[in-house]
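Within every chain, numbering begins at 1; the chains are lettered A, B, ... in the order of the sequence lines, protein sequences first and strands thereafter.
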Amino acid sequence: MPELPEVETTRRGIEPFVAGRVVRELRVREHRLRWPIAKDLARTLAGLRIDSVARRGKYLLLESRRGALIIHLGMSGSLRVVDASEKPETFDHVDLVLEGGNCLRLRDPRRFGCVLWSTDPAHHPLLRHLGPEPLEGSSQGAYLFRKSRGRVRAIRDLLIDGRIIAGIGNIYANEALFAAGIDPRRAAGRISRARYARLGDAIRETLREAIEAGGTTLRDFRGGDGRPGYFQQSLKVYGRRNAPCPRCHTPLRGQSVGARSVFFCPRCQS
DNA sequence: CTCCGATCCTGATGGC
DNA sequence: TGCCATCAGGATCGGA
């Protein structure tokens with residue numbers, strides 16, 4: 001579920017409760033996530049002061065002087081700040097208990113997320129090959145145009161590849177391609193520079209609006225403050241097969257490309 | 001290097 | 001209401 005806007009919403013929700021706090025204890029009820037939680041992680045974290053909460057792509061980083069705790073929410077993960085005395089439910093796998101009585105609680109039914117310690121997060125294997133942040137620097141259109149030359153894969157697949165550009169998943173790839181008027185199935189290498197310029201702007205606009213709305217809540221996403229996101233109401237094509245195109249009212253199409261779905265307007269996107 | 005499919009796991013949904 | 005198949009927001013890995 002969580003793509004860049006949901007992770008950023010989470011970051012903003014938890015930061016006021018986490019930054020500047022000292023870790024009292026780590027409680028791990030289930031260590032079998034995407035990668036197992038290290039046995040000695042509790043010892044590593046105890047007494048550590050968390051200086052700030054950063055985001056890189058879909059990764060959250062709880063930064064300290066000695067290193068960072070890297071958290072990924074996978075498909076079904078969420079983080080909330082709760083009172084440490086609150087009883088955990090099923091799938092509440094990890095508690096980071098803080099001095100003062102608050103607790104950062106990770107819930108992840110599908111267990112595709114991870115919790116890892118790194119003394120040098122920028123060079124950690126999971127982050128090292130990540131592409132640029134779509135919301136930083138100038139528009140990414142020229143960059144994407146350059147990276148796409150000679151590539152035959154669908155543009156949707158290029159956009160959700162974190163090594164090309166970080167943080168974009170299937171929902172926002174589909175939404176940005178609609179905004180830019182590009183068919184998600186088109187070969188990435190055969191799209192013009194001008195269209196990439198439009199796409200770069202569409203990506204930023206789409207992500208910004210989604211963050212402003214608090215992310216997209218499909219099923220059970222909640223921000224760090226426990227509130228749902230409201231961007232779902234703003235989705236123009238994702239999940240809306242056969243619904244009228246918001247621009248021209250032609251029925252939207254939905255089909256599988258590779259392992260996941262694309263949604264698009266056959267008239268507005270070519 | 002690039003691309004594609006399989007894969008980890010559980011819950012929601014829709015058809016019958 | 002129940003059962004079963006299908007699908008899901010991610011990202012790595014291995015093989016072609």
Side-chain angles (χ1 to χ4, degrees), chain A residues 1-10 29-37 55-60 70-79 89-94 106-116 124-131 134 146-177 184-190 206-207 210-211 213-223 228-242 254-263:
Chain A
M1 157 186 17
E3 303 183 33
L4 188 154
E6 290 74 40
V7 178
E8 178 62 21
T9 297
T10 300
R29 284 174 288 274
E30 173 59 80
H31 72 278
R32 297 171 301 168
L33 303 186
R34 179 67 174 81
W35 288 281
I37 296 176
R55 179 189 55 74
R56 179 77 175 92
K58 298 168 190 166
Y59 292 89
L60 281 170
I70 301 170
I71 302 175
H72 194 288
L73 300 176
M75 294 270 268
S76 60
S78 60
L79 276 174
E89 296 176 23
T90 319
F91 308 129
D92 285 343
H93 301 314
V94 179
L106 173 70
R107 176 184 173 80
D108 187 6
R110 291 176 72 179
R111 292 197 268 127
F112 289 176
C114 65
V115 179
L116 304 164
H124 189 277
L126 288 176
L127 304 185
R128 192 169 39 195
H129 302 294
L130 273 185
R146 192 159 22 90
K147 294 295 274 188
S148 66
R149 291 310 91 181
R151 299 186 123 113
V152 297
R153 62 206 300 223
I155 179 63
R156 192 283 313 266
D157 290 338
L158 192 83
L159 292 184
I160 67 176
D161 185 339
R163 294 166 301 184
I164 302 288
I165 187 165
I168 302 173
N170 200 34
I171 293 180
Y172 297 108
N174 275 279
E175 292 296 309
L177 287 164
R185 304 166 299 176
R186 278 193 65 185
R190 291 202 239 110
T206 303
L207 296 178
I211 291 170
T216 299
T217 295
L218 297 185
R219 306 219 165 85
D220 62 352
F221 171 76
R222 292 292 181 281
Y230 295 100
F231 194 71
Q232 185 173 17
Q233 298 152 25
S234 309
L235 293 179
K236 297 196 166 64
V237 291
Y238 185 85
R240 311 195 64 222
R241 184 188 340 244
N242 298 330
Q255 68 179 66
S256 283
V257 169
R260 39 189 95 228
S261 303
V262 293
F263 300 92

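Here dC8(B) presents its P atom at 12 Å from CZ of Arg110(A), a figure rounded to the nearest Å. The distance between atom CZ of Arg241(A) and atom C1' of dT6(C), rounded to the nearest whole Å, is 12 Å. If you take CE of Met75(A) and P of dC8(B), they are 14 Å apart, rounded to a whole angstrom. Rounded to a whole Å, the CH2 atom of Trp35(A) is 15 Å from the C1' atom of dC9(B). One interatomic measurement links the two molecules: CZ of Arg32(A) to P of dC9(B), which rounds to 8 Å at whole-angstrom precision. The interatomic distance linking Leu73(A) (CG) with dG10(C) (P) rounds to 11 Å, in whole Å. Across the protein-nucleic acid pair, Gln255(A) atom CD and dA8(C) atom P stand 13 Å apart, rounded to whole Å. A straight line from CG of Leu126(A) to C1' of dC13(C) spans 13 Å, rounded to a whole angstrom.
Side chain of Asn174(A) to main chain of Asn170(A): a donor-acceptor pair is present (N/O by atom type, distance under 3.5 Å, no hydrogens or angles). Counting only distance, with no hydrogens or angles, the side chain of Arg156(A) and the backbone of Val257(A) share a donor-acceptor pair below 3.5 Å. For Glu175(A) (side chain) and Thr206(A) (main-chain N/O), no donor-acceptor pair under 3.5 Å exists by modelled atom type. Panel note: side chain Arg149(A), backbone Gly189(A); a donor-acceptor pair is recorded below 3.5 Å. In this structure, the side chain of Arg186(A) does not engage the main chain of Ile155(A) through any donor-acceptor pair within 3.5 Å.
The side-chain contact (heavy atoms from CB on, under 4.5 Å) search around Arg111(A) returns Glu30(A), Arg32(A), Leu33(A), His93(A), not counting sequence neighbours.
Spacing of P atoms, dA6(B) relative to dT6(C), comes out at 14 Å, to the nearest Å.
By the stacking rule of 5.5 Å between ring centres and under 30° between planes, Phe112(A) stacks on the base of dG10(C).
Considering only the side chain of Phe91(A), dG11(B) comes nearest among dT12(C), dG11(B), dA8(C). The side chain of Tyr238(A) lies closest to dA8(C), out of dA11(C), dC8(B), dA8(C).
Proximity of His72(A) to the phosphate of dG10(C): no side-chain N or O atom is located under 4.0 Å from OP1 or OP2. At dG10(C), one or more side-chain N or O atoms of Arg260(A) fall inside 4.0 Å of OP1 or OP2 (strictly under the cut-off). The phosphate of dC9(B) has neither OP1 nor OP2 within less than 4.0 Å of any side-chain N or O from Ser76(A).
Between Pro125(A) and Asn170(A), it is Asn170(A) whose nearest contact on DNA chain C lies nearer the 5' terminus.
In terms of polar N and O atoms assigned as donor or acceptor, the side chain of Arg111(A) never comes within less than 3.5 Å of the base of dC9(B) in a complementary pairing.
Within the 4.5 Å cutoff, the side chain of Ile165(A) has no heavy atoms near those of the Leu158(A) side chain.
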Review point. So Leu4(A) and Ile211(A), side-chain contact (heavy atoms from CB on, under 4.5 Å) or not? Walk me through it.
Key: CA-CA 8 Å; Leu4(A) 188 154; Ile211(A) 291 170; 4.0 Å; yes
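Within a heavy-atom distance below 4.0 Å of DNA chain B, the residues of residues 149-164 of chain A found are Arg151(A), Val152(A), Arg153(A).
Judged by Watson-Crick or G-U wobble contacts below 3.5 Å, the nucleotide dA16(C) has dT2(B) as its partner.
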